[in-house]
Number of protein chains: 2
Amino acid sequence: MAGSWRAAALAVAMVCLVASSCVLGFPEEDLVGRLPGQPVVGFRQFAGYVDVDVKAGRSLFYYFAEAQDHAVGRPLTLWLNGGPGCSSVGGGAFTELGPFYPRGDGRGLRLNKKSWNKVSNLLFVESPAGVGWSYSNTSSDYNTGDARTANDMYKFLLGWYKKFPEYRSSSLLLSGESYAGHYIPQLTDVLLTHNEKSKGFKFNIKGVAIGNPLLKLDRDVPATYEYFWSHGMISDEIFLAINKGCDFEDYTFGSPHNESKSCNDAIAEANSIVGQYVNNYDVILDVCYPSIVMQELRLRKYVTKISLGVDVCMSYERYFYFNLPEVQHALHANRTHLPYGWGMCSDVLNYTDKDGNINILPLLRRIVEHKIPLWIFSGDQDSVVPLLGSRTLVRELAHDMGLPVTVPYSTWFRKGQVGGWTTEYGNLLTFATVRGASHMVPFAQPDRALGLFRSFVLGQRLPNTTYPPIGD
Amino acid sequence: MAGSWRAAALAVAMVCLVASSCVLGFPEEDLVGRLPGQPVVGFRQFAGYVDVDVKAGRSLFYYFAEAQDHAVGRPLTLWLNGGPGCSSVGGGAFTELGPFYPRGDGRGLRLNKKSWNKVSNLLFVESPAGVGWSYSNTSSDYNTGDARTANDMYKFLLGWYKKFPEYRSSSLLLSGESYAGHYIPQLTDVLLTHNEKSKGFKFNIKGVAIGNPLLKLDRDVPATYEYFWSHGMISDEIFLAINKGCDFEDYTFGSPHNESKSCNDAIAEANSIVGQYVNNYDVILDVCYPSIVMQELRLRKYVTKISLGVDVCMSYERYFYFNLPEVQHALHANRTHLPYGWGMCSDVLNYTDKDGNINILPLLRRIVEHKIPLWIFSGDQDSVVPLLGSRTLVRELAHDMGLPVTVPYSTWFRKGQVGGWTTEYGNLLTFATVRGASHMVPFAQPDRALGLFRSFVLGQRLPNTTYPPIGD
C-alpha cells in the first residue's frame, strides 16, 4: 500500500518537471488553503483563472475539488450551470453537487455529505466571461453567444490541462443543467472535432450527462404549460387557450416570442395564475423571502429555512458569502477588482437570445454516434424545463437514430425507495427522472442525485430492484 | 365571562333532564376517560355505538372529539373515509385530522397540533356496518351498497343526536375523502329530503367539503393515467396506447372494467411501470416496508419513518394500537367480540362494485341549489383520484348550472407560502388544490389542511394574498 503511494508520488513529480508551476502536477498558486469558515476535509481544492484570449484579456475562473480519495485515479467531471449567464461555482459547486454548502449565517461553510466528489474530481467553470468572476478586459466580449462560449471553454480546458497535467488522460465526464443543455453538447461537439483532427492529445470523453436541459424549444416550451396544467397550477380554460392560441413551432427564445396576441395573452395569464410566490424550479418547495433574509444576514442571524429537507434560503447565504472580501481572496477570485459584486446570474453579460432557438438534438446524435454514453436526467418538480419535454425529445432522438429500447420505462431505486423512472435506448442513451427533485437536481434530492451520478460514473444502469420487497 | 359560562352550563343541564343518560347533554357511558398512552388534553372524547337496525342487529361505531374550546358553540363536522369499506376512525380520526396520531411504538398516542378540533367538533363514523368495529348480527347485511350506506348514516345521525342533544341545532358540516365523494353527497341528499319533509327537526347543514373525491368515472379514471404520464411515472408510448385503446365512457368501477383488450393491456402495463414501490396516494412520499415494521412493533421498537415531514409508517403503528385489547376497551369498541381483528379497510364487507359507476354530479348540483357551500379540495400528489379529474368535473358542474366564476383560478396562501390553487363559482362552489398533499390531505399537509378547513368553517374564501411581498 505505502509502496504504491510512493510510486504514484514519484510519477506525479516527474510530470511536474515539465510544468511551469505545480504541486505534484498541480498549480501551487491556485491551491486553496482553507476557505473562511470551512470544515476540515481530506481533499484539496484549487481555484483561479485560465486565460482564453490573452490579447482581449479574457479569462475564465474555475473551482476544482479533488475527489475525496484516489483523486488521480478518478474521472474528471466538468459541471456547467446554465442561464445563459449563471454561475457554475455559485450554483453547482456551492449549492448543488460540490463538497460544501454555505452556512446559515452566510459567513462559513458546511459539508455536503452527498457531494459528487465522493466518486469523481469536480471542475466548475464560470462560463462565458462576464459570469461570476470570469471577465474580459474588452467590454464588447460581453456581447456573446453559444459558439464563442463553447470555443472559450475548449481553450479553457486546454489551458486547465496545462495547469493539471495529471488529468490529461483521466476519463472526462461533461455535465451540467438547464441552459447547459446548450453549453455541454456544443462543447462536446468542439472537443470531438478536436479529437478527429488532433494527431496528439485527445479529450478522453467517457460520458455526457445533462439535467433538465434546454434542448429544443418546440417541445420544451409547451411542456412548461402542460406541467402547469397537470400540476394544478393553471386552469383547464387557460391551458385550452394556450393550446388553441399558440404555435410553438414558431416560438422564439427571445422576447417577444413571435406568437399571436391570443397566445401571448394566454401565456401572460398563465404566468399570473402561477404567481410570484411559487418556485417554478421546484413547484412544491417553499420560497425564501429575500427582503427579510438579506437583512437578517447583515445582522449576523442564521437564516436557514428548511422546506422538504432543503434550505430554501441557501442562495442568499451563498450570495452573502461570495461577496465577503476574505472569501474572494481565499478563492484567488476577482483578481481584476470588478466594478460590481458577485451575482448568481450575470448583470453585465449581453448573451444573444437567438441561440436559444438552436436545435441541440443533432449534437446529441453526434455524441451517441461516437458511442459516448449520454444521460438526460430530469428533476420531476421543475416546471421551467420539465421532464415532459425532455422525455419526448429523447424518445424522438432514439427513434430517429433507430436505437432500440434497451431498458423499458421503469422505476429505478435508491436506498429502497423509488428514485424516479428511467428508460434506455441502444445501450447508450438514458433518460431518467429524479423523484421529488427540482430543476437543480442535486440541490433538492442530494442523495438520489449522488446515486444517479455514481451509476453514470461507473458506466452502470440505474438499479432496477430493491430489497426487501414491499409486500408482507 | 364567568356569568356566561354559568348560563351555558345551566342550559346544558336543562337539556340533560330530558335525555335518558347524559353528562351535561352527553352520554356518560360513551365518555372516553383516557386512551392508553394518550397525552393529557383539555377537551372530551366519546366513543361507542348507535344502532341503526335493532332487528338485524346493525350498529355503527363512532368516535367524537369535542372542539378544543367552546365546543357547544362550534359546528359539528362529520368526517367519513372512503374505500368503500375503509375506517373513518382509523383514517380521519387517528392519522389525518383528529387530535391524536399513533406513537411510533404503536402503544400510545401523540398530539396532532393541526387537529381540526381547533375549530370544530369532530365526529367520525365507521360506515357502513362491517367497517372497523361497526357490525351487523345479520351477516347478509355485509352485502351492501351506496343507498343503504346513506340511509344507515341518516339513522345514525338521528340516533347520535339523541345521545348528544346539545348538537341538534349546531351547524352541521359534512366532509370526507375519496369514496366519501359518494357517501357524503348521497347522505346530504337524504338529509335534504328529510328536511323537505320534516315538520320538526331539520339538519342544520352549513357546508359540504370532500377531498380527492370519486365523483364520475369517465373523468376520474383517465385522470389517473394523465397524472401518471405528466408526473413521469409512465412513458409517452403507454400513455398514447391508453388514450388510443381506452373508452372511459364505458369504464366500469368493478373489474373487469368493460374495456377492450388493448386498453386492459395498456392499463396493466401502466400499473406495472408505476410499480409496487410507489405510494399512489402520494407519489413523492417514501413508502414504509410493512414486513420489517410489523416485526419491529412487536419487538417494542420505534418504527416512525419520516419522509417529507410525515411518518409514512403511521398506518402500521395505528394498526398495532387499534388491535390492543386495552385500546378497544377504552374506546368502548368491539362490544360483540368480532371474530376478526381491526383493519383499516374491511375484509368482511362485500360492497357492490356497481355503485362506483353512479354519477355524483346531480347530487352536488342539489347541494349547491340549496345554497349550501360546497368545497371540493384535492391534494396534488395523489394519482388515485387526482385533481385533474375533480377540477374538470367542478368546472363542468358550474358550467351546467350557469354559475359565474366568482374567484378566478389563482393561488391561495398559508403562512406566507402557496397553499395551492383555488377557484370559486357562484359564491358557493369552490375547487381548491392543496400543494404537496396526498390523497389523505391532512395526513401529508396538516397545516395547509387546517388552514383550508378553517376558511371553510368560517364561511370565508381562502386567503389570496400574503405578506411580505417576495420581491426584494
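We use all heavy atoms of the structure for the numbers below, so side chains are in, but hydrogens, waters and symmetry mates are not. Lettering follows sequence order; numbering is per chain, from 1.
- In this structure the side chain of B/Thr433 never reaches within 4.5 angstrom of the side chain of A/Met233, judged on heavy atoms.
- Between A/Val418 and B/Tyr277 the shortest heavy-atom distance is CG2-O, 3.4 Å.
- With sequence neighbours excluded, the residues forming a ring-ring contact (aromatic ring centres under 6.0 Å, His included) with A/Phe239 are A/Trp229, listed by chain and number.
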Take B/Trp421 and A/Ile273, measure what side chain to side chain contact (heavy atoms under 4.5 Å, CB included) needs, and give me the verdict at the end.
CA-CA 8 Å; B/Trp421 281 261; A/Ile273 295 171; 3.8 Å; yes

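- With rounding to the nearest 0.5 angstrom, the CG atom of A/Leu308 is 9.5 Å from the OG atom of B/Ser307.
- Rounded to the nearest 0.5 angstrom, B/Thr423 OG1 and A/Glu237 CD are separated by 7.0 Å.
- For a residue to count as touching a neighbouring chain, one of its non-hydrogen atoms must lie under 4.5 Å from one of that chain's; by this rule B/Val283 touches chain A with the backbone only.
- Neither the backbone nor the side chain of B/Phe431 comes within less than 4.5 Å of any heavy atom of chain A.
- Annotation: side chain of A/His231 is not in contact with side chain of B/Arg435 (no heavy-atom distance under 4.5 Å).
- Counting heavy-atom neighbours within 6.0 Å of B/Gln295 CD, excluding the residue itself, gives a total of 12 or less.
- Taking each heavy atom of A/Asp236 and B/Arg391 in turn, the nearest pair found is OD1-NE, 3.4 Å.
- Of the listed residues A/Val293, A/Ile284, A/Thr392, the one with more heavy-atom pairs under 4.5 angstrom with chain B than any other is A/Ile284.
- Rounded to the nearest 0.5 angstrom, B/Asp380 CG and A/Ser230 OG are separated by 10.5 Å.
- Atom OH of A/Tyr281 sits in a sparse spot, with 12 or fewer heavy atoms from other residues, nucleotides or ligands closer than 6.0 Å.
- No other option in B/Leu387, B/Leu388, B/Ile238 has as many heavy-atom pairs under 4.5 Å with chain A as B/Leu388.
- How far CZ of B/Arg395 is from OG of A/Ser235: 8.0 Å, rounded to the nearest 0.5 Å.
- Interface remark: B/Ile306 contributes no atoms to any contact with chain A (heavy atom separation under 4.5 Å).
- Counted within 6.0 Å of OH on A/Tyr319, heavy atoms from surrounding residues, nucleotides or ligands total 12 or fewer; the atom is thus considered open.
- Interface remark: B/Gln417 contributes backbone and side-chain atoms alike to the contact with chain A (heavy atom separation under 4.5 Å).
- Residue A/Gln381 touches chain B through its side chain alone, counting heavy-atom pairs closer than 4.5 Å.
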